[in-house]
Every structure is written in C-alpha cells, then in structure tokens.
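Remarks on the structure that follows.
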Amino acid sequence: MPELPEVETVRRILSNQLNGLTIEGIDIYYERMIHEDIKAFTSTLIGQTIHRIDRKGKYLIFILDTHALIIHLRMEGKFYIKKQDDLSKHEHIVFHLNHGLELRYHDTRKFGTMHLRSLDDYLMTYPLNRCAEEPFSIDKASFYEKIKRKNVAIKSILLDQTIMSGLGNIYVDETLFDAKIHPERKGLTITKDESNQLIESAKKVLSAAVEMGGTTIRSYTASLGVTGLFQLKLNVHTKVGELCPRCGSIIKKIRVGGRGTYVCESCQK
DNA sequence: CCCGTGCCCTGGCGGC
DNA sequence: TGCCGCCAGGGCACGG
C-alpha cells in the first residue's frame, strides 16, 4: 500500500528512467481504471513526451507536452519498465515508449486510477483539487482550525487526504505513536500543541521513510521492476503482541474507523 | 455540512 | 487437498 514515501521513491526511479521519452502507443486491458473517454485518452497521449514526473500526496503526476497524467496507485499499483515481453496476468496498461521500452502498469486489485488533465488547470481540477497540502507544506493554523471542530477519531482525520495528504494506514499509526496520541481521540479534544506535534511527527516519520526508500533505490533496476515497497522500520504498525519500544507495554490491535490500528495504550494518550 | 457504511477487487489465510 | 468465507484497504458515493 504505497503511501507518500513509496510514491516518492517510485517517482524518483521513474524520473531517472523515463524523462525525455515519448509515448508512441498505448494498450489498455482494463478500462475501468482510466477515468476518461478511452479513445480521447489514447489519442491525446500518443506523441507526447514525458518531461518531468511530479508528486502531490500519494498522486504521481506525469508532466507531458500539453497534459498531466495523474495516477493513483492505491494499494497495489506498480510500474515495470521492460523491453518487449509477454503480458503478465495483472498488467492492465502498457505504454509503448521510444527506444523499444515499455512502461507497464500492474495492479492485482485493480484499484488504481488514471486521470488526464490540461497543464493549464490540472492542480485546480479533480482529483488534485481535493488533495490537501502535505505535512511538509501545510499551514499549521488552518490545520488546527479544521481538526478542532471534528467529532471523529484523529486517526480518521489524518487519513483524510482533503485535510492533509500523504499518510496512509501504516504511517498514520507511526505518526500517532511518535506524537504519543491515542488514535481514537476525537479531533475536538486535540490541543494546538498536539496539533503542531502531529505535523512534526508526520514530517519525521515520512521523511525517514523517504530516506530509506532513497537508500534502496540503487538496488532497483528496470529489469527488477519498481515495486515501491521497501523494508520499513516500524514501531507499532503490525507489532501486535510485541513490546512497545518506548515503554515496554504490549502493543494492541484495535479498529478505528474500520481500519486495523496498532497502538501502545500505555504511552499514547 | 457532518459523519458512518458499503463498495470496488483479488490473493491469501484460517477453518473444516 | 480443496473449498468456502472473510479480510485487507484509499477514496468515493450514498444515506441518515
């Protein structure tokens, strides 16, 4: 489940491999992930060059000649860069590039999405207009103003990409652990100091993970594919029954907003 | 507007 | 061994 750090790692790898290449053809084997008219999608993209790959929150943004191709990997989306090869089971979109390269989108659960927008307004239109700032750039005061009147669990608030973008189920647990805040606390009980701490913890957790992805980048090559998932150094997530690395209590698994949630109820208040 | 629920989809796992 | 049911989850549609 790629969150901001994994998407950033994918972005860096794809940038190195794809910048300057031109889309010569597209094969689409699963149309539902393309949230556009299929013919218009194909005809618009063919002939365009990939100038740059950006990211906002968990979205990848291919900057082309006239359009932005906006991709969300959801849980299991991956890209592979290959020379001609047999199609494997879960490859749903194949972009044929020059120099005989193929960019293949692979997604076992088919949850990923692609949108195509004009460069003039891609940040102001759906879906990116719904994607809030990341913890690195978010305005602290307006973040606090939003959460302090919400009567929902702080974990659910932190997962809401229209409030702050970048955290998913793994790093939200790690962020709340770092901030020593219980995931079930209602937004309206969070103080200004705690709100600021959550932003700091999110930055700390995400940037450490980006750095780990960065150190692993070198071992990934086009022939191995780009999975975007790396060994993570986790404190609580998936650690049910183990000892809290901070206080030694047993880590519990609970459900918050329908999501599996790992928490140290001794040091997260 | 606010909040909770169910849906999309498939592989993997536990139970029998 | 095989089958069945359930779970995982990001974001959105929908309903109260």
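Below, all heavy atoms of this structure are taken into account, side chains as well, without hydrogens, waters or symmetry copies. None of these values were measured; they are calculated from a predicted model. A note on names: the letters A, B, ... follow the listed sequences, proteins ahead of strands, and every chain is numbered from 1.
- Residue contacts shown for D160(A) are absent, as no nucleic acid heavy atom lies under 4.0 Å away.
- Using a 4.0 Å cut-off between charged nitrogen and carboxylate oxygen, R11(A) and D54(A) do not count as a salt-bridge pair.
- Under a 4.0 Å N-O distance rule, the pair E91(A)/K78(A) does not qualify as a salt bridge.
- Rounded to whole Å, the distance from CG on L60(A) to P on dG10(C) is 16 Å.
- If you measure from atom CE of M75(A) to atom P of dC12(C), you get 13 Å, rounded to the nearest angstrom.
- K203(A) NZ: more than 12 foreign heavy atoms inside a 6.0 Å radius.
- At the heavy-atom level, E76(A) lies nowhere under 4.0 Å from the strands shown.
- An OP1 or OP2 oxygen of dA8(C) is reached within less than 4.0 angstrom by a side-chain nitrogen or oxygen of R255(A).
- Proximity note for V152(A) (side chain, C-beta onward) versus dC3(B), dC8(B), dT10(B): the nearest is dC3(B).
- Regarding K155(A), its NZ atom lies at a distance of 14 Å from the P atom of dG11(C), rounded to whole Å.
- Among the atoms of the strands shown, only primed sugar atoms or phosphate atoms (P, OP1, OP2) are found under 4.0 Å from some heavy atom of R130(A).
- Protein atom NE2 of H35(A) is 13 Å distant from nucleotide atom C1' of dA13(C), rounded to whole Å.
- For K110(A) and dC8(B), the shortest distance from a side-chain N or O to OP1 or OP2 is not below 4.0 Å.
- Residue contacts for K253(A): at a heavy-atom cut-off of 4.0 Å it reaches the sugar-phosphate backbone alone, with no base atom in range.
- Between E265(A) and K269(A), no side-chain nitrogen of the basic residue sits less than 4.0 Å from a carboxylate oxygen of the acidic one, so the salt-bridge criterion is not met.
- Closest contact between the side chain of H72(A) and the listed nucleotides dG9(C), dA8(C), dG11(C) involves dG11(C).
- dC12(C) atom C1' lies 14 Å from atom CG of N129(A), rounded to whole Å.
- Between E134(A) and R55(A), at least one side-chain N (NZ, or NE/NH1/NH2) sits under 4.0 Å from a carboxylate O, which counts as a salt bridge.
- Within the 6.0 Å centre-distance limit, the rings of Y126(A) and H115(A) are counted as a close aromatic pair.
- The nearest whole Å value for the distance from the CG atom in L73(A) to the C1' atom in dG10(C) is 11 Å.
- When the side-chain nitrogen and oxygen atoms of K58(A) are compared with OP1 and OP2 of dG10(C), none of them lie within a distance under 4.0 Å.
- If you check distances only, the side chain of R259(A) does reach the base of dG10(C) with a donor-acceptor pair under 3.5 Å.
- Residue contacts shown for G260(A) are limited to sugar-phosphate atoms, with no base heavy atom under 4.0 Å away.
- When each of F111(A) and Y126(A) is assigned the nucleotide of DNA chain C bearing its nearest heavy atom, the one mapping closer to the 5' terminus is F111(A).
- For dC2(B), the OP1/OP2 oxygens have no side-chain nitrogen or oxygen of R149(A) closer than 4.0 Å.
- Checking dA8(C), dG11(C), dC9(B) against every side-chain atom of R74(A), the shortest atom distance belongs to dG11(C).
- Within the nucleic acid shown, K89(A) comes within 4.0 Å of sugar-phosphate atoms alone, with no base atom in reach, counting heavy atoms only.
- Atom CG in L128(A) sits about 11 Å away from atom P in dC12(C), given to the nearest Å.
- In terms of phosphate contacts, H90(A) brings a side-chain nitrogen or oxygen within less than 4.0 Å of OP1 or OP2 of dG11(B).
- Per the geometry, CD1 belonging to I157(A) stands 11 Å off P belonging to dC2(B), to the nearest Å.
- With both pairing distances under 3.5 Å, dG11(C) is matched to dC7(B) as a Watson-Crick or G-U wobble pair.
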